[in-house]
Amino acid sequence: MRLDPKVDCQQIVLLVGAYEYPWLIRKSLEFALFRSYGVPGISQLLDQTGQFNRHGQRRVDDTGLLLAEIVENGYDSPRGRQAIKMINRMHGKFNIANDDMLYVLSTFVFEPIYWTQRFSWRRPSKHENLANYHFWVEVGARMAIKNIPPTFEEFERFKRDYERDQFRYEASNRRVADATLQVLQNCYPKPLRPIIRQAVYAMLDEPLRRAFDYPKPLPLVSPLAHGALLLAAKLLRFLPPRREPFLLTRAAHRSYPDGYQLDNLGPPAN
């Protein structure tokens, strides 16, 4: 609380993500990307590349690692600047609408906040939420995203209005969502994969399910999935504070069992 949410946003975001609720932040960012598939303009581009259908696991791992490089090292660090440069290079190959880029950025701001408000062992403070806003606004500026709303409240309003206007079903939404969902299921033994699929359905709100043409989860799945997260949060309150940070850049990854080089993340340059 002694840190400034704008000036010290990089330090605050790292402390929250590495010490306070690292697992929940990671899951919220995975679902943040999932939300972007509900926008046909975004899903059509991802579908056309074929990367998620052919190399889904690597695309998911690469996206998470590029974001982690920025969060864990800071956007002004050499590795953070390199990660942003690589993201800009990948995006520069395509004619992506500014509002689509702005929407994806908004999910990085608000989905972690929504998840931690609902499922963390303590509610995030306004101080932390503002730091997350300022952090991703600075990342967005380095990605040359224009018209970023100047306040937290205006950005949140933009996100909600954009989803209301843009979420609608397209076949490309479903294909990219299915490919990503398959990656999530593959992290678990085969007998559990149908349960994981139902749990994912339970974590999607109705407008997003309609945009994917996904069914509602089976009865009791939603209360069980949400209840499990709430129970985990209650149990975490009794554990001692984390003394060592969890850093995704130092964790094991299915695509890189022997580690990775930053230059190798993302699709091939050509």
Side-chain angles (χ1 to χ4, degrees), residues 1-36 64 67-77 80 83-84 102-143 145 148-163 203-205 225-251:
M1 293 299 294
R2 291 192 295 269
L3 299 173
D4 184 279
K6 184 174 183 180
V7 175
D8 302 313
C9 64
Q10 295 181 85
Q11 187 176 355
I12 294 172
V13 167
L14 176 60
L15 289 171
V16 169
Y19 288 92
E20 294 295 274
Y21 12 76
W23 184 88
L24 206 57
I25 294 290
R26 293 202 316 279
K27 289 301 164 188
S28 71
L29 289 174
E30 289 175 5
F31 276 85
L33 289 168
F34 217 71
R35 294 194 76 78
S36 69
L67 295 177
E69 288 284 352
I70 300 168
V71 170
E72 295 174 8
N73 297 300
Y75 45 70
D76 284 329
S77 70
I84 293 173
L102 187 57
Y103 170 65
V104 174
L105 186 71
S106 77
T107 66
F108 296 160
V109 174
F110 294 105
E111 290 306 311
I113 291 172
Y114 298 156
W115 276 64
T116 52
Q117 285 175 336
R118 293 175 65 192
F119 301 123
S120 67
W121 63 273
R122 66 168 178 83
R123 288 182 65 83
S125 68
K126 183 178 180 180
H127 199 75
E128 291 167 334
N129 293 346
L130 280 174
N132 203 50
Y133 163 78
H134 287 298
F135 179 91
W136 289 110
V137 164
E138 286 299 320
V139 173
R142 286 160 173 77
M143 294 175 62
I145 298 176
I148 301 176
T151 68
F152 181 98
E153 293 77 14
E154 289 176 82
F155 207 4
E156 186 173 29
R157 191 178 309 118
F158 164 84
K159 179 182 184 294
R160 290 176 176 169
D161 291 346
Y162 199 74
E163 291 182 345
M203 301 310 297
L204 305 179
D205 55 69
H226 292 199
L229 289 172
L230 292 170
L231 176 60
K234 289 182 180 180
L235 294 175
L236 281 172
R237 293 175 189 165
F238 296 100
L239 295 180
R242 181 184 288 273
R243 298 298 181 187
E244 296 294 329
F246 174 88
L247 299 176
L248 190 64
T249 55
R250 299 181 189 174

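Numbers here simply count residues along the sequence, with the first being 1.
- The OG atom of S120 sits 9.0 Å away from the CD atom of E20 when rounded to the nearest 0.5 Å.
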Mind listing the side-chain donor-acceptor pairs of residues 25-34 below 3.5 Å, one per line with the distance, residues two or more places apart or on another chain?
unit_1	atom_1	unit_2	atom_2	d
K27	NZ	E30	OE1	3.2
S28	OG	L24	O	3.4
S28	OG	I25	O	2.7

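- Using a 4.0 Å cut-off between charged nitrogen and carboxylate oxygen, E154 and K159 do not count as a salt-bridge pair.
- One distance of note links CH2 of W136 with CG of L67; it measures 5.0 Å at 0.5 Å rounding.
- With sequence neighbours left out, the side-chain contact (heavy atoms from CB on, under 4.5 Å) criterion links N129 to I113, Q117, P124, F152.
- Residue G140 comes nearest to L105 through the heavy atom pair CA-CD2, 3.8 Å, listed as atom of the first residue, atom of the second, then distance.
- Scanning all heavy atoms of the two residues, the minimum distance from A131 to C9 falls at O-CB, 3.4 Å.
- For Q10, the side-chain contact (heavy atoms from CB on, under 4.5 Å) partners are Y75, D76, F135, not counting sequence neighbours.
- Every residue was checked against the side-chain hydrogen bond (donor to acceptor under 3.5 Å, both in side chains) condition with H127, not counting sequence neighbours, and none meets it.
- By the 4.5 Å heavy-atom criterion applied to side chains, L247 and L14 are counted as neighbours.
- Taken from CZ in R157 to OG in S106, the straight-line distance is 13.5 Å, to the nearest 0.5 Å.
- Qualifying salt bridge (Lys or Arg N to Asp or Glu O under 4.0 Å) partners for R160, counting only residues two or more places apart in sequence or in other chains: E156.
- Annotation: side-chain contact (heavy atoms from CB on, under 4.5 Å) contacts of L3 (sequence neighbours excluded): D8, Q11, I12, L15.
- Annotation: salt bridge (charged side-chain N to carboxylate O under 4.0 Å, His left out) contacts involving residues 128-137, sequence neighbours excluded, comprise R122-E128.
- Applying the ring-ring contact (aromatic ring centres under 6.0 Å, His included) rule to Y162 yields the partners Y103, F158; only residues at least two apart in sequence or on another chain are considered.
- Not counting sequence neighbours, R2 has no partner by the side-chain contact (heavy atoms from CB on, under 4.5 Å) test.
- In terms of heavy-atom proximity, I70 sits nearest to G80 at CG1-O, 4.1 Å.
- A search for ring-ring contact (aromatic ring centres under 6.0 Å, His included) contacts involving F119 returns W115, H226, not counting sequence neighbours.
- Distance OG1/T151 to OH/Y133: 5.5 Å, rounded to 0.5 Å.
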Audit row: W23, F246, side chain to side chain contact (heavy atoms under 4.5 Å, CB included) steps and yes/no: CA-CA 9 Å; W23 184 88; F246 174 88; over 6 Å; no
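- Atom CZ of residue R123 and atom OG1 of residue T116 lie 8.5 Å apart, to the nearest 0.5 angstrom.
- Sorted by first and then second residue, the side chain to side chain donor-acceptor pair (under 3.5 Å) pairs with a member in residues 238-250 read E72-T249; sequence neighbours excluded.
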Audit row: L229, M203, side chain to side chain contact (heavy atoms under 4.5 Å, CB included) steps and yes/no: CA-CA 11 Å; L229 289 172; M203 301 310 297; 3.8 Å; yes
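- Looking at residues two or more places apart in sequence or on another chain, you find a salt bridge (Lys or Arg N to Asp or Glu O under 4.0 Å) between D205 and R35.
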